[in-house]
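Labels below follow one simple rule: chain letters A, B, ... track the order of the sequence lines, proteins then strands, and each chain is numbered from 1. Model, not experiment: these values are computed from the prediction.
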2 protein chains.
Amino acid sequence: MAGIRDVARLAGVSQATASRALSGKGSVSARAREAVTAAASELGFVMSYHASSLASGRSHNIGVVLPFVNRWYFATLLEGANSALMDAGYDLTLYDFQGDRYRESVLGDFLLRKRLDGVLAVSLQLNAHETEQILAAGIPVVGVGGPLPDIPTLRIDDVEVGRRATNHLISLGHSRVAHLGGEHEYGRNFEISSGRRAGYEEAMAAAGLPLREAWSLISDYSANDAYKETKQLLADAEERPTAIFCASDEMAFGAMLAARDLGLRIPEELSVIGVDGHEMGEILGLTTIDQFPRNQGTRAVERLLALVQDDGQAAAGPADELMETRLLVRHSTSAPRIPAGHSGS
Amino acid sequence: MAGIRDVARLAGVSQATASRALSGKGSVSARAREAVTAAASELGFVMSYHASSLASGRSHNIGVVLPFVNRWYFATLLEGANSALMDAGYDLTLYDFQGDRYRESVLGDFLLRKRLDGVLAVSLQLNAHETEQILAAGIPVVGVGGPLPDIPTLRIDDVEVGRRATNHLISLGHSRVAHLGGEHEYGRNFEISSGRRAGYEEAMAAAGLPLREAWSLISDYSANDAYKETKQLLADAEERPTAIFCASDEMAFGAMLAARDLGLRIPEELSVIGVDGHEMGEILGLTTIDQFPRNQGTRAVERLLALVQDDGQAAAGPADELMETRLLVRHSTSAPRIPAGHSGS
DNA sequence: TTGAAAGCGCTAACAA
DNA sequence: TTGTTAGCGCTTTCAA
């Protein structure tokens with residue numbers, strides 16, 4: 001329970017010098033620095049971050065806001081953010097909305113408590129009032145997968161992702177391509193889901209291929225829900241597509257299992273492509289568009305810390321940043337080889 | 001940026017009364033309370049938690065320490081902890097070891113910074129020095145799945161879990177039962193993995209069944225690693241088991257996929273049972289022992305907050321608490337029905 | 001490079 | 001029930 005005052009006393013310097021020596025800010029003679037560090041370690045001194053934060057206005061604490069910790073994409077991005085924050089000596093305060101359950105209390109209460117140096121907002125959409133409120137609190141914010149107006153954001157080009165995934169299937173010779181995308185829920189993921197869907201529709205149109213309403217499915221991004229939707233879709237042998245583009249790998253897992261349970265072989269009778277880069281895709285042989293979520297988390301923290309440390313003044317780099325994706329071809333996609341007995345229309 | 005002093009002034013009371021009115025502690029007349037809350041909302045007052053923490057010694061902030069956010073069990077438990085903490089108005093500071101990568105810095109540095117009212121330690125093992133250090137810091141700790149000597153812990157009976165899973169297979173008529181368990185790494189999960197393994201061995205012995213070294217596998221709890229191990233195990237038709245007990249559902253997923261890729265039907269040619277209660281088990285039809293991780297997280301927080309709020313004095317309930325599990329039978333287990341052409345030894 | 005001194009914005013005795 | 005008065009343990013001007 002030794003305080004900095006005890007350290008200073010033992011080192012034979014003033015409290016101010018001790019503080020400077022320990023924080024590295026301000027100039028301190030080598031001799032004083034040594035005396036202070038020696039005293040500190042002898043006493044087992046650990047600084048009170050409350051006191052430090054109160055006096056300095058910096059808390060070395062970043063809030064991470066996301067809709068679900070329990071989805072692979074978010075958990076993996078969180079891991080990347082965690083690494084970058086640990087390395088920088090920052091604490092990470094987690095705000096998991098759990099859907100919308102805590103959205104309001106986090107946005108209207110927790111985030112405003114001024115104990116954060118900055119906020120990382122993942123897949124979050126804010127209305128005008130919410131944006132204003134949070135910016136008025138003076139907290140630097142960086143978003144991932146926004147869009148958050150007036151807030152620097154990292155994103156992938158979701159339209160491009162949808163187009164590329166769909167074109168991969170089309171270029172293999174598929175003309176009957178379905179899409180399983182996310183919900184159009186307000187306040188979350190909207191642009192992501194609709195971007196990927198727009199890319200799908202664009203690619204289909206560009207190739208002169210028909211869009212059918214029955215081939216455009218919506219699910220909640222979970223494997224289980226995707227399983228149900230896909231099973232329904234594939235049950236009708238006459239009407240079913242030969243390929244499906246899923247907006248996430250977890251959805252693709254569900255789709256693959258549904259196909260297998262219907263006795264359809266992948267990729268012979270159904271090609272499946274996902275988005276994310278989930279490790280489990282390896283053992284399923286899932287073709288996907290990898291978006292390197294871990295890297296997104298790390299990069300977002302770098303951006304945020306730059307903002308925080310420049311005192312919110314200079315934005316480091318362009319306001320918005322497009323992150324890289326990569327088409328990763330495995331065994332779940334191939335040219336359509338529909339066995340005899342199955343007909344297309 | 002209004003402070004409590006401004007609120008007090010506008011309400012026409014002293015700062016102390018304003019503080020009491022806002023915190024609900026101490027007695028305040030109805031009239032004063034109204035005046036204060038009115039003034040506070042008029043000014044858009046938000047308390048500085050740094051100042052409050054410094055003055056009161058309570059930070060309303062709980063640290064959660066776990067080895068991987070990206071494993072289903074941990075993410076789900078975290079979700080439960082998050083709910084309980086949000087409901088109680090507490091912040092959650094996340095410390096993700098990412099294996100062992102940040103173990104040392106979290107334990108030796110971050111946790112000691114005295115900004116936490118308590119710590120929830122999940123699947124963590126501490127050596128004597130570490131335990132002493134953390135207890136010396138005066139932070140209340142509750143563990144899940146310890147064991148942490150001198151620290152109240154919630155756990156399931158892992159030996160019982162292993163025994164029950166194995167006995168389920170044995171009672172179906174299996175005599176060739178393999179086990180895919182976790183690593184024996186120091187500092188993490190050790191007791192959990194070895195407990196489940198011990199239960200398996202106990203059940204086999206009690207039934208007079210042979211243990212084979214080749215049937216006792218170790219993996220890192222991931223589906224991918226489990227896939228590799230299982231594929232190896234099952235490749236030899238002469239030597240392979242008819243059932244496998246996996247120490248987690250994610251492992252079981254890997255095992256099921258490996259079996260399918262070898263053309264083995266589940267459950268006819270291989271029965272699989274897991275542990276956890278992963279939702280995705282539904283679509284795979286995985287039989288499992290559900291351990292309700294979400295509930296574990298919630299319950300652990302309740303215990304911890306009781307400790308914190310009782311000022312570390314009275315432990316609420318017994319020091320250690322055994323959590324419930326449930327055998328959930330689906331379609332991945334049945335009596336062995338080995339097709340002709342395959343032989344047992 | 002150093003020290004003295006004044007807070008940071010709140011809470012908690014204590015006395016009234 | 002209320003107000004006065006000290007702090008909580010640091011950081012940071014400012015002057016030396």
Protein and nucleotides 8-11 of chain D: nitrogen or oxygen contacts under 3.5 angstrom:
unit_1: D:dC8; atom_1: O2; unit_2: B:A55; atom_2: N; d: 3.3
unit_1: D:dG9; atom_1: N2; unit_2: A:A51; atom_2: O; d: 3.4
unit_1: D:dC10; atom_1: OP2; unit_2: A:I4; atom_2: N; d: 2.8
unit_1: D:dT11; atom_1: OP2; unit_2: A:S19; atom_2: OG; d: 2.5

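Under the rule for a salt bridge (Lys or Arg N to Asp or Glu O under 4.0 Å), the partners of B:R294 that lie at least two apart in sequence or sit in another chain are B:E79. Not a single salt bridge (Lys or Arg N to Asp or Glu O under 4.0 Å) links A:D150 to another residue, sequence neighbours left out. Listed by chain and number, the residues in a side chain to side chain donor-acceptor pair (under 3.5 Å) with A:T131 amount to none (sequence neighbours excluded). A search for side chain to side chain contact (heavy atoms under 4.5 Å, CB included) contacts involving B:Q133 returns B:L112, B:H129, not counting sequence neighbours.
For residues 34-54 of chain A, there are no ring-ring contact (aromatic ring centres under 6.0 Å, His included) pairs, not counting sequence neighbours. A side chain to side chain donor-acceptor pair (under 3.5 Å) check over residues 2-15 of chain A, counting only residues at least two apart or in different chains, returns the pairs A:S14-A:T17. Note on residues 87-96 of chain B: pairs passing side chain to side chain donor-acceptor pair (under 3.5 Å), not counting sequence neighbours, are A:D91-B:Y95, A:Y95-B:D91, A:Y102-B:D87, A:R115-B:D91, B:N61-B:T93, B:Y90-B:Q309.
Cation-pi geometry between B:R113 and B:F110 is met: under 6.0 angstrom from the ring centre, within 45 degrees of the axis.
Counting 5' to 3', DNA chain C first comes under 4.0 angstrom of a heavy atom of chain B and last does so at the ends given by C:dG9 to C:dA13.
Across its full length, the helix from C:dT1-D:dA16 to C:dA16-D:dT1 shows an angle of 30° between the axes of its 5 terminal pairs at either end, rounded to 10 degrees.
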Please table the atom pairs, donor to acceptor, closer than 3.5 Å between any side-chain atom in residues 140-149 of chain A and protein atoms at least two apart or in another chain.
none

Sequence neighbours left out, cut at 3.5 Å: what donor-acceptor pairs do the side chains of residues 23-32 of chain A make with other protein atoms?
unit_1: A:S23; atom_1: OG; unit_2: A:S19; atom_2: O; d: 3.1
unit_1: A:S23; atom_1: OG; unit_2: A:K25; atom_2: N; d: 3.1
unit_1: A:S29; atom_1: OG; unit_2: A:A32; atom_2: N; d: 3.1

